[in-house]
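Everything below concerns the one structure shown next.
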Amino acid sequence: MMKTVKVVAAVICDSFENTSKIFATARGYGEFKGQWEFPGGKVEAGETPQQALKREIQEELDVKIEIGELIDTIEYDYPTFHLSMDCFWCVVIDGEIILKEAEAARWLSKDELYNVDWLPADVALIEKIESVMI
């Protein structure tokens with residue numbers, strides 16, 4: 001039985017109501033360096049997914065976010081662990097995004113979603129996101 005790693009991801013958008021752009025980051029480290037993902041991280045013991053997401057985004061991007069609805073929970077088997085990732089719509093409510101960990105970032109419009117090399121787990125989410133973007 002593989003270990004399950006529980007993580008949260010923020011799909012930061014320009015607007016909950018009329019989403020025309022989403023924010024993606026490229027990993028600055030590790031095995032998947034240079035591949036694109038949604039910012040976020042591990043849920044620590046005793047945290048709700050929302051608490052974890054607010055903390056991670058503050059750490060990674062130096063902004064405060066408002067968390068909207070859950071888009072999906074992605075279940076993905078990497079070679080050495082099982083990933084369970086809660087993905088939420090988010091908007092920035094305070095601060096300017098500063099990249100603390102990622103090597104690059106982009107705001108992507110609907111027709112640019114497939115212009116970056118997504119991490120395998122994130123690909124599943126892109127179709128759902130694409131379906132609601134304007």
Got [X] and [Y] here, is their nearest side-chain heavy-atom distance under 4.5 Å?
{"X": "Thr25", "Y": "Glu37", "value": "yes"}
{"X": "Tyr114", "Y": "Glu130", "value": "yes"}
{"X": "Phe38", "Y": "Cys87", "value": "no"}
{"X": "Glu75", "Y": "His82", "value": "yes"}
{"X": "Val91", "Y": "Cys13", "value": "yes"}
{"X": "Ile57", "Y": "Cys90", "value": "no"}
{"X": "Met85", "Y": "Tyr76", "value": "no"}
{"X": "Glu66", "Y": "Phe16", "value": "yes"}

Partner of Trp89 by side chain to side chain contact (heavy atoms under 4.5 Å, CB included), out of Leu70, Ile12, Ile129, Ile67: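 Only match with Trp89 under side chain to side chain contact (heavy atoms under 4.5 Å, CB included): Ile129.
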
Taking every non-hydrogen atom, the tightest pair across [X] and [Y]:
{"X": "Asp14", "Y": "Trp107", "answer": "N-CZ3, 4.0 Å"}
{"X": "Ser84", "Y": "Lys6", "answer": "OG-NZ, 3.2 Å"}
{"X": "Trp36", "Y": "Ala26", "answer": "CE2-CB, 3.6 Å"}

Answer with yes or no whether the hydrophobic clustering places [X] together with [Y]; edges join I, L, V, M, F, W, Y residues whose side-chain heavy atoms lie under 4.5 Å apart.
{"X": "Leu99", "Y": "Leu53", "value": "yes"}
{"X": "Val7", "Y": "Trp118", "value": "yes"}
{"X": "Val8", "Y": "Ile71", "value": "no"}
{"X": "Phe23", "Y": "Val11", "value": "no"}
{"X": "Met133", "Y": "Val116", "value": "yes"}

side-chain contact (heavy atoms from CB on, under 4.5 Å) assessment of Gln51 paired with Lys54: CA-CA 5 Å; Gln51 286 169 330; Lys54 285 183 176 176; 6.0 Å; no

